Amino acid sequence: MFKKKDTKLRVLFVDQKNDFVSQIAEYFANKLYPDVYEVYSAGPEKDFIDCELISAMYQNGEDLRRQVSKDFKDKDFLREDEEYDYVVFLEKSTFDEWASKTPWKGKQILAPMRTRQEYTATDDLELFQDYIRSMEEVRGWVKANMKDPETLKSLVSA
């Protein structure tokens with residue numbers, strides 16, 4: 001009897017500059033489900049990954065230091081064939097601007113996360129706590145929605 005070879009689902013996480021929540025999502029999806037998904041992240045623009053985010057995560061046992069910010073044209077770190085099973089937009093404004101004009105054939109999901117612009121910290125401790133809340137929010141979403149690939153299928157927005 002012929003057994004079909006299992007393949008990983010390809011997921012692309014997107015935020016505007018690929019410097020914040022998309023990086024966290026890529027990190028946790030790769031860490032938690034390496035046998036299920038082939039995970040990438042990018043944005044219409046690229047920037048430096050937030051150093052305070054890297055520090056806060058590192059202080060909580062998560063090492064984001066090897067992550068690299070990528071824009072949509074970055075062929076060194078993204079799939080050249082641009083084929084993804086799911087494209088997950090983590091910012092509504094980026095989804096609104098790009099969902100209808102992306103080159104990807106994958107199903108699109110809108111999963112807005114908290115942005116740095118929403119932080120209300122007035123000192124370093126509060127800022128650290130905001131970063132940890134963002135990390136926990138993204139990790140929670142990845143755990144809840146990527147554990148079973150059928151769950152991702154049910155979230156498709158476009």
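Because the structure is a prediction, the values reported are computed rather than measured.
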Tell me the closest heavy-atom pair linking [X] and [Y], and the distance in Å.
{"X": "Glu83", "Y": "Arg10", "answer": "O-CD, 3.3 Å"}
{"X": "Pro112", "Y": "Glu137", "answer": "O-OE2, 4.3 Å"}
{"X": "Val11", "Y": "Val88", "answer": "CG1-CG2, 4.0 Å"}
{"X": "Tyr37", "Y": "Met146", "answer": "OH-O, 2.7 Å"}
{"X": "Pro44", "Y": "Trp98", "answer": "CG-NE1, 3.2 Å"}
{"X": "Asp74", "Y": "Ser69", "answer": "OD2-O, 4.3 Å"}

Where at least one partner belongs to residues 144-158, residue pairs that pass side-chain hydrogen bond (donor to acceptor under 3.5 Å, both in side chains), sequence neighbours excluded: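 Listed once each, the pairs would be none.
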Sequence neighbours excluded, which residues qualify as side chain to side chain donor-acceptor pair (under 3.5 Å) partners of [X]?
{"X": "Asp15", "value": "Ser22"}
{"X": "Thr94", "value": "Gln16, Glu91"}
{"X": "Asp63", "value": "Arg65"}
{"X": "Gln129", "value": "none"}

Which residues pass the ring pair (Phe, Tyr, Trp, His ring centres under 6.0 Å) test with [X], sequence neighbours left out?
{"X": "Tyr119", "value": "Tyr131"}
{"X": "Tyr27", "value": "none"}
{"X": "Trp141", "value": "none"}
{"X": "Tyr40", "value": "Tyr84"}

Residue that, paired with Met135, satisfies side-chain contact (heavy atoms from CB on, under 4.5 Å) out of Asn60, Val21, Leu64: Asn60
Approximate separation, where rounding is to 0.5 Å, of [X] [atom1] and [Y] [atom2]:
{"X": "Asp85", "Y": "Leu9", "atom1": "CG", "atom2": "CG", "result": "5.0 Å"}
{"X": "Ile24", "Y": "Gln67", "atom1": "CD1", "atom2": "CD", "result": "10.0 Å"}
{"X": "Glu26", "Y": "Leu90", "atom1": "CD", "atom2": "CG", "result": "11.0 Å"}
{"X": "Ile132", "Y": "Met57", "atom1": "CD1", "atom2": "CE", "result": "8.0 Å"}
{"X": "Asp71", "Y": "Lys46", "atom1": "CG", "atom2": "NZ", "result": "5.0 Å"}

Residues Asp35 and Lys8 bridged, charged N to O under 4.0 Å: no
Tell me whether [X] shares a hydrophobic cluster with [Y], the cluster being built from Ile, Leu, Val, Met, Phe, Trp, Tyr side chains joined at under 4.5 Å.
{"X": "Tyr58", "Y": "Leu32", "answer": "no"}
{"X": "Ile49", "Y": "Val68", "answer": "no"}
{"X": "Leu155", "Y": "Phe13", "answer": "yes"}

Using a cut-off of 6.0 Å, state whether more than 12 heavy atoms not belonging to Asp123 lie near its atom CG.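 Above 12, so yes.
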State whether the number of non-hydrogen atoms from other residues, nucleotides or ligands found under 6.0 Å of Lys70 atom NZ is greater than 12. yes
Any side-chain donor-acceptor pair under 3.5 Å between Glu45 and Asn18?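 The answer is no; no qualifying pair exists.
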Indicate whether any N or O donor in one side chain lies under 3.5 Å from an N or O acceptor in the other, for Ser55 and Gln59.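 Side-chain D/A pair, Ser55 to Gln59: present.
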Determine, stepwise, if the pair Ile109 / Val87 fulfils side chain to side chain contact (heavy atoms under 4.5 Å, CB included). CA-CA 6 Å; Ile109 296 170; Val87 179; over 6 Å; no
Can Val142 and Tyr33 be said to form a side chain to side chain contact (heavy atoms under 4.5 Å, CB included), step by step? CA-CA 9 Å; Val142 168; Tyr33 307 111; 4.0 Å; yes
Which residues pass the salt bridge (Lys or Arg N to Asp or Glu O under 4.0 Å) test with [X], not counting sequence neighbours?
{"X": "Asp96", "result": "Lys92"}
{"X": "Glu62", "result": "Lys31, Arg139"}
{"X": "Asp130", "result": "Arg114, Arg133"}

Does any part of the side chain of Leu12, heavy atoms only, come nearer than 4.5 Å to the side chain of Tyr86, both counted from C-beta? no
With heavy-atom distances below 4.5 Å as the criterion, would you say the side chains of Phe20 and Leu53 are in contact? yes
Going through the checks in order, is the salt bridge (charged side-chain N to carboxylate O under 4.0 Å, His left out) test met by Asp50 and Lys17? CA-CA 11 Å; Asp50 188 300; Lys17 294 186 178 184; over 6 Å; no
